[in-house]
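What's counted below: heavy atoms across the whole structure, side chains too, no hydrogens, waters or symmetry copies. All ligand and atom numbering here is 1-based and tracks the order in the structure.
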Amino acid sequence: MCEKTIQNPPNTIAIDGPAASGKSTIGNLIANKLGYISLDTGIMYRAVAFKAVQEDVDVLDGEAVSDLAEQISIDIRPSQEDDGRQFDVIIDGVDRSWDIRSPEVNQVVSEVSVYPRVRNAMTHLQREIAKNGKIVMIGRDIGTVVLPDAEMKIYLEASVQVRAQRRYIEELARGKKVCLDEIAESLRHRDEIDSGRAVAPLRPAEDAVVINTDDMTVFEVVEFVMDLINLR
Ligand code: DC
């Protein structure tokens, strides 16, 4: 199939949705097609969670976690590595691309993400990165809070079972020993905190296009979004 030239692509695209809904994979593919940069903002919250675990900071101590978030240095670059990562994530000068995906970080990242000072620090960095446009930004609150004026907003949803299955296959492919039920439980735990928090909860923006991907392949979702872009 030949690629069509897109006349007037949206300058900023927000892609939100729950854990393991395929946001990052789909957002990166769309960014590639448009020649845009992409930013998976979950990486930033994961970096703060990693730092808290590494420094043995109690994640229930909001002030201590917020201090970390305001001091941390996070550098995210497109990766040349062939080990399944999409980005190299350098935290305070050290490559932590896989450490931020550990079960220990999964366990606490949603707790860390509820604190207003943590969110302010990350939102500020995200808006700085987005200010030149031509960006696909991926997260939980991009369409609602970080970039409320984004020209296109997509919200991806899928059932916990489907998301757990996808994550399970990904982890097996990376040679990890994983349990499907534990993955599903961890996703439920994060969904609950991400949707229930007072500041910037996970929810679709009023003007977002909501796509349920339960019965769609990655290719189909990308085609659907590209059609939306073409039809603007
Ligand atoms: O997309 P992810 O699973 O890598 O995100 C990890 C956590 O980061 C998620 O459970 C909640 C938080 N997060 C957030 O609060 N706001 C965002 N824009 C992105 C992620």
Side-chain angles (χ1 to χ4, degrees), residues 12-28 38-53 59 62 65-66 68-69 72 74 76 84-89 91 96-130 135-148 150 153-158 160 162-164 166-168 170-171 174 183-205 208 213:
T12 45
I13 301 178
I15 303 191
D16 290 301
S21 56
K23 305 178 298 288
S24 195
T25 307
I26 286 156
N28 289 328
S38 66
L39 176 67
D40 177 357
T41 58
I43 290 174
M44 295 179 158
Y45 292 94
R46 286 176 176 277
V48 177
F50 166 78
K51 193 87 181 150
V53 171
V59 292
V65 173
S66 301
L68 281 185
I72 195 169
I74 313 167
I76 306 171
R85 69 176 76 176
Q86 288 165 332
F87 297 97
D88 292 334
V89 182
I91 301 174
R96 301 291 186 188
S97 308
W98 286 119
D99 298 317
I100 61 162
R101 306 274 165 201
S102 70
E104 292 75 20
V105 168
N106 284 339
Q107 185 63 35
V108 298
V109 65
S110 289
E111 275 87 348
V112 160
S113 308
V114 302
Y115 300 119
R117 275 176 59 210
V118 172
R119 301 208 68 81
N120 278 342
M122 298 303 121
T123 298
H124 176 75
L125 293 174
Q126 290 155 16
R127 287 184 180 148
E128 275 299 302
I129 295 170
I135 186 166
V136 178
M137 193 173 280
I138 300 145
R140 300 288 188 293
D141 60 340
I142 310 306
T144 50
V145 174
V146 180
L147 304 175
K153 299 180 185 177
I154 304 289
Y155 187 89
L156 296 180
E157 57 179 23
V160 172
V162 167
R163 288 185 281 135
R166 289 178 186 157
R167 188 50 54 88
Y168 178 73
E170 268 171 31
E171 299 280 313
R174 279 179 48 215
I183 294 178
E185 195 37 52
S186 159
L187 292 180
R188 270 192 211 98
H189 171 76
R190 284 170 53 202
D191 284 357
E192 203 176 307
I193 301 176
D194 294 347
S195 314
R197 67 182 173 224
V199 184
L202 168 68
R203 61 175 174 78
T213 70

Selected option - heavy-atom contact closest to atom 12 (C) of ligand 1, from Ser186, Ser113, Ser21, Pro201: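 Going through Ser186, Ser113, Ser21, Pro201 one by one, Ser113 has the nearest heavy atom to atom 12 (C) of ligand 1.
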Flag the pair [X] / [Y] as yes when at least one side-chain heavy-atom distance between them is below 4.5 Å, and no otherwise.
| X | Y | answer |
| --- | --- | --- |
| Glu104 | Phe50 | no |
| Val145 | Arg119 | no |
| Met44 | Ile129 | yes |
| Met137 | Arg127 | no |

Looking at every non-hydrogen atom in both residues, tell me the closest pair between Ile142 and Asp16 and how far apart they are. N-OD1, 2.9 Å
Is there a heavy atom of [X] sitting under 4.0 angstrom from any atom of ligand 1?
| X | result |
| --- | --- |
| Lys23 | yes |
| Met44 | no |
| Arg119 | yes |

Which residue and atom name correspond to the protein heavy atom nearest [atom], and how close is it?
| atom | answer |
| --- | --- |
| atom 7 (C) of ligand 1 | Val109 CG2, 3.6 Å |
| atom 10 (O) of ligand 1 | Asp194 OD2, 2.8 Å |
| atom 19 (C) of ligand 1 | Thr41 OG1, 3.4 Å |

Identify, by atom number and element, the atoms of ligand 1 in contact range of [X], meaning under 4.0 Å from any of its heavy atoms.
| X | answer |
| --- | --- |
| Asp141 | 16 (N), 17 (C), 18 (N) |
| Arg197 | 14 (C), 15 (O), 16 (N) |
| Ser110 | 10 (O) |
| Gly139 | 18 (N), 19 (C) |
| Arg190 | 2 (P), 3 (O), 5 (O), 6 (C), 9 (C), 10 (O) |
| Arg46 | 2 (P), 3 (O), 4 (O), 6 (C) |

Is the backbone N or O of Asp88 less than 3.5 Å from a side-chain atom of Arg85, with the two atoms forming a donor-acceptor pair by type? no
Taking Asp194 for the side chain and Leu202 for the main chain, is one N or O donor matched with an acceptor at less than 3.5 Å? no
Can a donor-acceptor pair be found between the side chains of Asn106 and Arg46 at a distance below 3.5 Å? yes
If only side-chain N and O atoms count, and only distance matters, is there a donor-acceptor pair under 3.5 Å linking Arg166 with Thr25?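 The criterion, which ignores hydrogens and geometry beyond distance, is not satisfied for Arg166 and Thr25.
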Looking at CG of Leu39 and CD1 of Ile15, how far apart are the two atoms once the value is rounded to the nearest 0.5 Å?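 Rounded to the nearest 0.5 Å, the CG-CD1 separation comes to 12.0 Å.
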Any N or O on Tyr45 sitting closer than 3.5 Å to an N or O of ligand 1? no
At a non-hydrogen distance cut-off of under 4.0 Å, which region of Glu111 contacts ligand 1 (side chain, backbone, both, or neither)?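 No part of Glu111 comes within reach of ligand 1.
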Answer side chain, backbone, both or neither: which part of Arg140 comes under 4.0 Å from ligand 1, heavy atoms only. both
